[in-house]
Amino acid sequence: MSDQAFFAIHSSLPREGPGDRSTISWAMAFARPPADGRILDAGCGPGADIPWLVKYVPRGRVVAVDSHAPYAHQARARFRGDPRVKVIHGDMLQQSGPFNLVWAAGSLYAPGVERALPVLRRMLVPAGRIVFSDLCWTGPERPPEAVEFFSRTYPAMGDEMTLRSRVARAGMRFHVCTELSASAWEAYYAPLEKRLELLRRDVPGDPDLARQIETHEREIELWREYGDCFGYLLCVAAR
Ligand SMILES: C[S@@+](CC[C@H](N)C(=O)[O-])C[C@H]1O[C@@H](n2cnc3c(N)ncnc32)[C@H](O)[C@@H]1O
């Protein structure tokens, strides 16, 4: 499947993964960056979380980084002129700290949670925290259709125990975790569904796009059917 078809779908969306304001408020109650602190928004996408993150560091800074240039440009354009926000097109694993908080909403799966955590940890101040969300199994049931789908799309998917051991192997302390709410998923899926509907018109003559649309529709269908078996766990880990 081509990147072109993938990014035809993943453009003009307000966010690129589940999340909402209450996700951030929950995490900040534990992470508590100082008002003049620095937050790294690692894999910021189009920048949906930035307006909320800056509220927690009113005298500090949010450094937002994304490896996909169009997202970084979109976020940069949105916050141009705001001295509290710096947007970088680059690799989250190559940033220089120190940061009080690394915020990674749905983005560590790409470099791999296992690989990313120890690198991000080294960017933290001693009392720093990493807050990350990751797609996980959330109960004992593993419906075969979901297992088949995620073994192709996210082979490293685990459960809370897997995350706990990944955090420990990174030399960090697993502080607390929760599961993202249905409204956090809808904040991502509702605009995505509209985009899929719009792009359906372009499918004749574009088999790559047709396959990508089907994969995305399947993912949404699985969540609606089996969303009590998997979800995004939001974890707070201390350095
Ligand atoms: C699932 S999206 C989440 C985006 C955003 N956090 C949100 O919730 O809308 C994951 C993002 O991570 C970015 N990404 C993946 N690997 C990265 C890396 N090594 N460095 C920086 N960004 C990366 C992708 O381009 C994508 O925008």
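In this text the structure is predicted, and so the values were computed from the model without any measurement. Ligands are counted one by one from 1 in listed order, and the atoms in each one are counted from 1 as well. We use all heavy atoms of the structure for the numbers below, so side chains are in, but hydrogens, waters and symmetry mates are not.
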Exercise. Would you find more than 12 non-hydrogen atoms of other residues, nucleotides or ligands less than 6.0 Å from Arg32 atom CZ?
Worked result: no

Exercise. Does a sphere of radius 6.0 Å around CD in Glu148 hold more than 12 heavy atoms from other residues, nucleotides or ligands, not counting ones at 6.0 Å or beyond?
Worked result: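 Yes.
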
What atoms in ligand 1 come closer than 4.0 Å to a heavy atom of [X]?
| X | value |
| --- | --- |
| Gly106 | 1 (C), 10 (C) |
| Tyr71 | 27 (O) |
| Gly90 | 20 (N), 21 (C) |

Exercise. Checking Ser67 side chain against Gly90 main chain: does a donor-acceptor pair fall under 3.5 Å?
Worked result: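 No, because the side chain of Ser67 does not come within donor-acceptor range (under 3.5 Å) of the backbone of Gly90.
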
For this session: Measure from the side-chain N and O atoms of Arg15 to the backbone N and O of Gly17, and report whether any donor-acceptor pair falls under 3.5 Å.
Result: yes

Problem set entry | Counterpart residues, side chain to side chain donor-acceptor pair (under 3.5 Å), relative to Arg200 (two or more places apart) | Glu217

Problem set entry | Residues forming a ring-ring contact (aromatic ring centres under 6.0 Å, His included) with Tyr71, sequence neighbours excluded | His68

Using heavy-atom distances only, which candidate in [options] approaches [atom] most closely?
| atom | options | value |
| --- | --- | --- |
| atom 22 (N) of ligand 1 | Ser67, Ala104, Pro70 | Ser67 |
| atom 4 (C) of ligand 1 | Gly43, Ala64, Pro18, Pro46 | Gly43 |
| atom 3 (C) of ligand 1 | Gly45, Ser107, Ala69, Ala105 | Ala105 |

Exercise. Honestly curious: do Ile220 and Leu198 fall in one hydrophobic cluster under the side-chain, below-4.5 Å linking rule?
Worked result: no

Can you tell me the protein heavy atom closest to [atom] and the distance?
| atom | answer |
| --- | --- |
| atom 25 (O) of ligand 1 | Asp66 OD1, 2.6 Å |
| atom 8 (O) of ligand 1 | Arg15 NH2, 2.9 Å |
| atom 19 (N) of ligand 1 | Asp91 OD1, 3.0 Å |
| atom 20 (N) of ligand 1 | Met92 N, 2.8 Å |
| atom 2 (S) of ligand 1 | Glu16 O, 3.5 Å |
| atom 16 (N) of ligand 1 | Ala110 CB, 3.4 Å |

Problem set entry | Sub-4.0 Å heavy-atom approach of Gly19 to ligand 1 |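 Gly19: no contact with ligand 1 (<4.0 Å).
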
Exercise. Going through the distances and angles, do Tyr56 and Trp52 end up as a ring pair (Phe, Tyr, Trp, His ring centres under 6.0 Å)?
Worked result: CA-CA 7 Å; Tyr56 291 89; Trp52 300 321; over 10 Å; no

Problem set entry | Under 3.5 Å side-chain donor-acceptor pair for Tyr226 and Glu141 | no

